[in-house]
Amino acid sequence: MHELSVAESICRSVSERVGDARVEEMVVQVGALSGVNRASLEFCLGEAAQVTGLKLERFSVERVPARARCECGETYEADELMQPCPRCGGFSRSFINGEDIVVSKLVAVEENDEAN
Ligand SMILES: [Zn+2]
């Protein structure tokens, strides 16, 4: 499953960043054109955290719209690939973003802090 490999790579890179710290909260944003299903990525993150040993307590996945720039000059948010320009109704646009998968929020807490 595509989402599982995405989830594993997210967990690995977060692990590298936070080390042994516990992740209290993580928000992952998936672009509307990333081809990743929000709900299934959310499910897979839980699995991937166990596989990679990441202490992931709370997390959520948000779907964010893509940004498109039409040849008429309009820039608009597109929730899917086949969304026409709201100004001219055309499809002569290029996408500025929308394929990205990013960790937009990460709150990590060192385990030692709690023991004291
Ligand atoms: Zn247009």
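Just the heavy atoms: all of them, side chains too, but no hydrogens, waters or symmetry mates, feed the values below. Start at 1 and go down the list; that is how both ligands and their atoms are numbered.
Between the OH atom in Tyr76 and the CZ atom in Arg69 there is a gap of 12.0 Å [rounded to 0.5 Å].
Ion pair Glu57/Arg22 flagged as a salt bridge, since at least one NZ, NE, NH1 or NH2 atom sits closer than 4.0 Å to an Asp/Glu carboxylate oxygen. Salt-bridge formation is not detected for the pair Arg12/Glu16: no Lys NZ or Arg NE/NH1/NH2 atom is positioned less than 4.0 Å from an Asp or Glu carboxylate oxygen.
Of all protein N, O or S atoms, those under 2.8 Å from the Zn ion (ligand 1) number 4.
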Just list the side-chain donor-acceptor pairs under 3.5 Å for residues 43-56, sequence neighbours left out, or say none.
| residue | atom | partner | partner atom | Å |
| --- | --- | --- | --- | --- |
| Thr52 | OG1 | Ala48 | O | 2.8 |
| Thr52 | OG1 | Ala49 | O | 3.4 |
| Lys55 | NZ | Asp20 | O | 2.9 |

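Annotation: salt bridge (Lys or Arg N to Asp or Glu O under 4.0 Å) contacts of Arg17 (sequence neighbours excluded): none. Partners of Glu62 under the side-chain hydrogen bond (donor to acceptor under 3.5 Å, both in side chains) rule, at least two apart in sequence or in another chain, are Gln29.
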